[in-house]
Amino acid sequence: MEGLPQKDKKKYWLLIGITEEKLGIPIKSSMEIVEIARYKGTVPIYFDKIAFHADAIIPINRVKIHTDWRGEVESGLLKMLVVGFGKHKGATEIHSLGMDNFHKVIPEAGSIIINKTPVIFGVAYIEDAYDQTAEIRVLLPKEFYTQEREMLKSSKKYMAKINIPQIDVLVIDEIGKDISGDGVDPNIIERFREKQKNDVKGPNVEQVVILGLSKRTHCNANGMGYADIITKELLDSIDFTSTYTNAIAARYLQSRFP
């Protein structure tokens with residue numbers, strides 16, 4: 001939910017069907033954070049204030065290959081603890097270390113957070129190419145790293161693929177933060193800031209056209225830089241405040257694809 005204005009948070013929960021009435025418990029959400037440690041003695045590690053003062057924390061996240069960097073663990077429980085629970089300020093500080101270092105930063109900072117917060121267990125899962133749950137594991141904090149590492153390997157077998165080696169024009173109906181952190185997954189369309197980072201072979205795409213934004217992205221157009229062509233409809237629907245907030249927090253203001 002990086003880049004989503006606070007006033008839209010309630011609308012987001014309603015949109016995905018998470019309500020206090022349905023759950024029977026209160027939903028508490030804010031951007032307040034506390035500093036719990038310093039990474040390498042310099043960069044502050046921030047953590048959600050409400051979660052930090054809770055009796056227990058149970059992170060839940062999908063394990064998948066990341067859109068920008070490679071490591072033994074990528075997107076999963078550890079990244080959720082380090083980046084997600086850090087909220088906007090925490091994400092910005094961690095991204096200041098550079099994604100090229102995330103293969104070390106995420107597991108190391110994640111370990112610090114586990115030792116400083118009441119994380120009792122986590123739920124990690126893998127989705128297949130149809131967004132259906134393919135695998136789910138309940139993990140103790142000490143298992144996060146080793147189990148995520150194995151699940152990441154499995155996730156590559158389940159991920160969507162375009163089985164056409166050469167594409168002249170790829171037309172994408174919509175992109176959005178609910179689809180991928182980058183709006184569209186570069187692992188699938190084979191577009192990367194640095195080609196050598198890719199270890200999942202995709203098609204050779206000459207031109208990409210993006211037609212619009214998903215409803216659940218709340219007009220955050222992060223990822224439109226992967227396109228060669230966008231529509232005026234997409235352009236007119238962009239919320240530049242949330243889009244810029246997302247890009248600034250991730251420390252990437254340039255196009256996602258050179």
Side-chain angles (χ1 to χ4, degrees), residues 1-4 6 9-10 12-13 16 18 20 23-66 68-69 71-99 101-126 135-152 155 177 181 245-246 248-251:
M1 293 174 66
E2 290 175 89
L4 187 62
Q6 187 66 23
K9 291 289 175 64
K10 188 173 182 180
Y12 177 85
W13 298 128
I16 63 176
I18 297 177
E20 293 186 346
L23 297 177
I25 57 174
I27 296 175
K28 296 184 178 181
S29 177
S30 79
M31 298 300 284
E32 288 189 89
I33 39 86
V34 293
E35 182 180 330
I36 62 172
R38 293 249 164 176
Y39 181 74
K40 302 294 186 182
T42 56
V43 177
I45 296 176
Y46 293 107
F47 200 79
D48 181 274
K49 184 177 180 180
I50 295 173
F52 183 72
H53 292 293
D55 293 326
I57 297 171
I58 303 170
I60 303 172
N61 202 21
R62 174 180 57 179
V63 174
K64 65 180 289 290
I65 187 171
H66 196 268
D68 285 296
W69 53 275
E72 290 194 329
V73 297
E74 296 176 24
S75 290
L77 298 180
L78 290 170
K79 181 173 176 286
M80 177 61 72
L81 289 176
V82 177
V83 179
F85 278 90
K87 299 302 180 88
H88 179 265
K89 189 172 183 179
T92 302
E93 291 290 346
I94 289 297
H95 279 86
S96 72
L97 295 167
M99 287 193 186
N101 296 310
F102 268 29
H103 64 289
K104 296 184 298 182
V105 173
I106 295 302
E108 290 174 355
S111 178
I112 294 171
I113 290 171
I114 287 172
N115 290 327
K116 297 280 187 178
T117 62
V119 177
I120 57 173
F121 66 86
V123 180
Y125 64 95
I126 300 172
E135 185 178 324
I136 186 167
R137 298 186 192 183
V138 177
L139 309 175
L140 294 173
K142 65 180 181 180
E143 299 176 310
F144 283 9
Y145 184 84
T146 55
Q147 291 295 307
E148 275 196 52
R149 183 177 59 194
E150 296 307 310
M151 292 179 74
L152 178 62
S155 73
K177 294 291 291 185
T245 299
N246 193 160
I248 292 169
R251 301 294 180 110

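These numbers come from the heavy atoms of this one structure, side chains and all, not from hydrogens, waters or symmetry mates.
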Between Lys79 and Phe102, is any pair of side-chain heavy atoms under 4.5 Å apart?
-> no
Could you walk me through whether Ile136 and Val123 pass the side chain to side chain contact (heavy atoms under 4.5 Å, CB included) test, one step at a time?
-> CA-CA 7 Å; Ile136 186 167; Val123 180; 3.8 Å; yes
Judged by atom type as modelled, is there a donor-acceptor pair below 3.5 Å linking the side chain of Lys104 to the main-chain atoms of Gly71?
-> no
Using the test side-chain contact (heavy atoms from CB on, under 4.5 Å), find all partners of Ser111 that sit at least two apart in sequence or belong to another chain.
-> Asn115
Who are the side-chain contact (heavy atoms from CB on, under 4.5 Å) partners of Ala37, not counting sequence neighbours?
-> Ile45, Ile112, Lys116
What salt bridge (Lys or Arg N to Asp or Glu O under 4.0 Å) pairs are there with at least one residue in residues 89-98, not counting sequence neighbours?
-> none
Those residues that, when tested against Glu20, pass side-chain hydrogen bond (donor to acceptor under 3.5 Å, both in side chains) (two or more places apart) = none
Taking all non-hydrogen atoms of both residues, which atom of Val83 and which atom of Ala91 are closest, and how far apart?
-> CG1-CB, 3.8 Å
Please list every donor-acceptor pair under 3.5 Å in which a side-chain atom of residues 49-65 meets a protein atom from a residue at least two apart or in another chain.
residue : atom : partner : partner atom : Å
Asn61   : ND2  : Gly76   : O            : 2.9
Arg62   : NH1  : Glu127  : OE1          : 3.2

Quick one: does Trp69's side chain get under 4.5 Å of Ile106's, heavy atoms only?
-> yes
Taking side chain as C-beta onward, heavy atoms only, is Ile113 less than 4.5 Å from Leu78?
-> no
Close side-chain approach of Tyr39 and Glu108, heavy atoms under 4.5 Å = yes
Run the side chain to side chain contact (heavy atoms under 4.5 Å, CB included) check on Ile248 and Thr92 step by step: do they pass?
-> CA-CA 8 Å; Ile248 292 169; Thr92 302; 5.6 Å; no
Pairs under 3.5 angstrom only: tabulate donor-acceptor contacts from the side chains of residues 137-144 to other protein residues two or more places apart or in another chain.
residue : atom : partner : partner atom : Å
Arg137  : NE   : Glu135  : OE2          : 2.7
Arg137  : NH1  : Gln147  : OE1          : 2.4
Arg137  : NH2  : Glu135  : OE2          : 2.7
Glu143  : OE1  : Leu140  : N            : 2.8

